[in-house]
Structure formats: structure tokens, C-alpha cells
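Below is one structure, written out as C-alpha cells, with a few remarks after it.
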Amino acid sequence: MNKRSEFSSRFGFVMAAAGSAIGLGNIWGFPTQTAENGGGAFVFVYLILTFCLAYPVLMAELVIGRHGRTHIMGSLRAVAGGPVSRKLATFVAAYALVCISLILCFYSIVAGWMVTYFLQPIMELAGQQAAAQWLVDFATPRNVIAALAFLALTVAVISRGVQDGIEAWSSKLMPFMIVLIVALILYVAMQDGAGDGLKAYLMPDFSQVLKPELIINALGQAFFSLSLGAGTMMIYGSYVSRKENIVTLGAYVTAMDVGIAVLAGLLIIPAMYVAQHNGIAIFTEAGNLISGDQLVFTVLPALFDSLGAASIPLSITFFLLMSIAALTSSISMLEVPVAFISEHEKLSFSRTQAAIAVALLVAVAIIIVLLNFEALFGAVISFTTEISQPLIGLMFCLYAGWSWDRSKKLAEIREGFEGVEQSIFWKIWPEYVRYVCPLLVLIVYVQSLR
Ligand code: PHE
């Protein structure tokens, strides 16, 4: 137990956890959802839900994890009050392990596409026209190879461990990613048409704010984006030193996640209007902004093409940005089952063996999904992100709020945060995860299933 790894510094943890949080959900999901749900109105509701609902759930996961200092099943069982809630904890953790493995499955597929779109212009520059075309044609062999290659990269990082793998890679890639995104925003902002996009993005149409659809989507987005309800933040919390103030660390991670989502909106929405200015269709027949895969793989590449000499560097930069964001998230996904297997008392797997074993299972799932793309791809996404993550997040709140003894909870948070009793956090959070979060998640959940 003493040998268990920890993040070496505050910076390392924040980069790793922000790296997990910031991913395709921010750079693709958030602008897409904003485009689909009334622009600024969506941004407004998303911000409120993130700070009022997602941050407290994030804290529940981080604190339970740091207290348990082991795999998620062990941590959850450690805060369970009695035998029934211990049994239930085993079940909830097992559900989370399945859920995060399935998230890794669809995420690897999408991330694989990002990598192929990153490589395509490079192949073109190298004069390899046929290879370049193969990379961007939607076909099963390409999809399988790209997803498995991305998964292999994830395994390579994870097998190096918490400090040399997760922390080292996140600490290098995250600052680089921020530079890329800012450079792209500045470039796009200078193009004709960008101003209209900015207006559409930032002007909330308040008549949309109370639409149930919009609220449900914003909550789903907030949960997915902060990597909640799947055990990732619990496992990352388990590597945080007791010297650190976990309340502040959680706030930094939330702020970075929101900041990058908002920046991504500043990039994508104006880019769409620049595309329109250049004669590319950006609205569907029904009059909504084009979103989803069409936006990323059709509108944006067409936009880059229309920008002449800048086209190749732009698309390399954009898809590199996407690939990096995806990698720092996928490693956090793989870490959850890998920690479980390599730290399980009854199993004797090394970290690398565990990573390979989980990856093989996920690879099988990837192949099954890709061979039945129409039937399974969307279904896996909605089972994990719409149904499972909110439900598991709700259970985590119940453990943090109800099962876990209040004084023990306080003792855990006090480590690294002297005087927490007097803080606003302690005045609000315990009651909040007890009543408000479960209730709100439940209301939105029931609404969304109707
Ligand atoms: N938060 C990541 C993103 O925004 C996705 C993720 C979900 C990561 C669940 C880990 C766990 O892309």
C-alpha cells in the first residue's frame, strides 16, 4: 500500500485531471450542442449546471477516491455504511467499470478518425495521394485500424504508470493543446464572416433557456465533459496527496474544463460562419446549424480547403488538437479498469498486463461495434453517456452524501485544507450532495427518459 503512486505535484494533477476532462466533449461536443440548442442560451444553462451540479459531483468523486486510495470498488466500499451498501458498492463500481470501458470503445473509434484526418494532409504533402484518400474514406478496415492504433497509443501511455505515463504526458500535451487552440481562434477571428458567428455564439436567446431538451442536453454535456459518473475522477482522486487542498484543485479543474469548452465555441462557431461566407452550406434543410460528424468531417475540412495556402497547416493543426485532447482523456478512461485489475487483492496482474488485457477486451468491443455500425454506435453512446453516467453519478452522490459518516468526510477534506469547517464549501457541499444533486439529477434523468 505504501508504494502506491501519487501525482508528483499540484500542477501534475491539474494537468492530468483537466486533460481527462478536456476532450472531444469540449472541442466537438460543446460547440455542436451549442449550435443545436440555441447558441448562447445553451452556454448560459451549461455554465449554471456545471458550477451548481457538476462541480459538487466532481468533489464527491475526488474526495471518495483520495480517502480510499485504491481502485474504485475499494474506495466506494470504504465509504459504505453497512453490509447492504457495501454490497451495492460492489455492484455500482462494476457498473462503472463496464460503462467506462464502453466509453473507451466509442471514444477510440472517434479519436481514430481524428488521427486519420490529421495524417491525411501529411500524406498529401508526401505525394501519397492514394493513402491520403484511404485515410478519409469511411470504411470498416480504416475505422478498425485507426481505432485500434489509437487504443494502442493509450495502452503505451498507461503502462508507464501514474507519474511517468499519465502525469508526464498530460503535463506536456495540455499546454501545447492550449497554444494550438488559441492560435486557431486568432486565425479564424481574422477571416471574413467570423463576426456573425461570434454574435450567434454569444447572444443568448432567452426564450430557449427553459426548454427541457436544452436542459437535459446541457446536463449530459456537463457530466460528460467533467468525466463524471464513470469512476475516472475517483481514480485520479486516489492519486492526490493528502497535502493538497482538494477543494481548490477540483475548482481549478472545473474552471479549465469550462474555459476550454468556451474557447472551443469561439473557434468552431465563428469558423462555421466563415465557411458560410466562403459559400459552404452550414444550415440543414430544417434551418438548424449543421452539427455532429458532418460539422467536423465535412464543413470544417471544406472550410480549410477554401482558405487556399493556409489549408494544409490549418487542418493539420486542428486535427492534431483533436487527437491530443482525445488522448489525454482516453488514458484516464483506461486507468479505471487497469487500476482495478492491477490493484485487486485476488488478481496478480502487473500494470502492463492489466492494460493489455483490458485493451484486448475493448478491442473486441470496437470491432463488434464497427461491424454493426448503424445498430450499435449510437446505442453505445446513449447507453453510456445518457443512461449510465447520470445514474452512476447519482449513486456516487448518495455514497458521499448519505453513507459516508460526516465527521470522517470532514477529516478527509481537512487534510490539506486546514480550517475547512469555516469555509463556504463545507457549509454548502455536504447538504448539497445529500439532497440537491441527487434530486436534480433524478428530475433531469426522468425527464430525459420520457
Ligand atoms: N471528459 C471527456 C471529454 O470531454 C470524456 C470523458 C468521459 C473522459 C468520461 C473520461 C470519462 O471528452
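Both counts, for ligands and for their atoms, begin at 1 and track the order of listing. Both backbone and side-chain heavy atoms feed into the values below; hydrogens, waters and symmetry mates do not.
By the 3.5 Å distance cut-off applied to N or O atoms, Tyr107 is counted among the residues near ligand 1. Looking at ligand 1, you'll find an N or O of Phe224 within less than 3.5 Å of one of its N or O atoms.
Every atom of ligand 1 with a heavy atom of Ala21 under 4.0 Å away is listed here by number and element: 1 (N), 2 (C), 3 (C), 4 (O). For ligand 1, the atoms closer than 4.0 angstrom to any heavy atom of Ser332 are 10 (C). Every atom of ligand 1 is numbered from 1 in the order shown, and the set under 4.0 Å from a heavy atom of Ile100 is 11 (C). Close contacts between ligand 1 and Ser225 involve ligand atoms 1 (N), 4 (O) [criterion: under 4.0 Å to a heavy atom]. Near Asn26, meaning under 4.0 Å from any of its heavy atoms, are these atoms of ligand 1: 4 (O). Atoms of ligand 1 lying under 4.0 Å from at least one heavy atom of Gln389, given by number and element, are 9 (C). Against a heavy-atom cut-off of under 4.0 Å, Gly25 is close to the following atoms of ligand 1: 3 (C), 4 (O), 12 (O). Residue Leu24 has at least one heavy-atom neighbour below 4.0 Å for each of these atoms of ligand 1: 12 (O).
Asn26 contributes a side-chain N or O that, together with a main-chain N or O of Asp257, makes up a donor-acceptor pair within less than 3.5 Å. Listed for the Arg160 side chain is no donor-acceptor partner under 3.5 Å among the backbone atoms of Gly165.
Salt bridge Arg351/Glu335: present, at least one basic N to carboxylate O contact under 4.0 Å.
Side-chain rings of Phe11 and Tyr252 stay apart, their centers remaining 6.0 Å or farther from each other. Aromatic ring centres of Tyr55 and Phe51: separated by at least 6.0 Å. Within the 6.0 Å centre-distance limit, the rings of Phe7 and Tyr236 are counted as a close aromatic pair.
Ranking protein heavy atoms by distance to atom 11 (C) of ligand 1, first place goes to Thr232 OG1, 3.4 Å. At the top of the distance list for atom 2 (C) of ligand 1, counting protein heavy atoms only, stands Ser20 O, 3.3 Å. The nearest heavy-atom contact from the protein to atom 8 (C) of ligand 1 is Ser227 OG, 3.2 Å.
Side-chain N/O atoms of Glu167 and Ser8 include a donor and acceptor closer than 3.5 Å.
Paired with Arg242 under the rule side chain to side chain donor-acceptor pair (under 3.5 Å), one option of Glu415, His67, Glu412, Glu6 passes, and it is Glu412.
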Evaluate the criterion ring pair (Phe, Tyr, Trp, His ring centres under 6.0 Å) for residue pair Tyr399 and Trp404; output intermediate values, then yes/no. CA-CA 6 Å; Tyr399 275 91; Trp404 198 2; over 10 Å; no

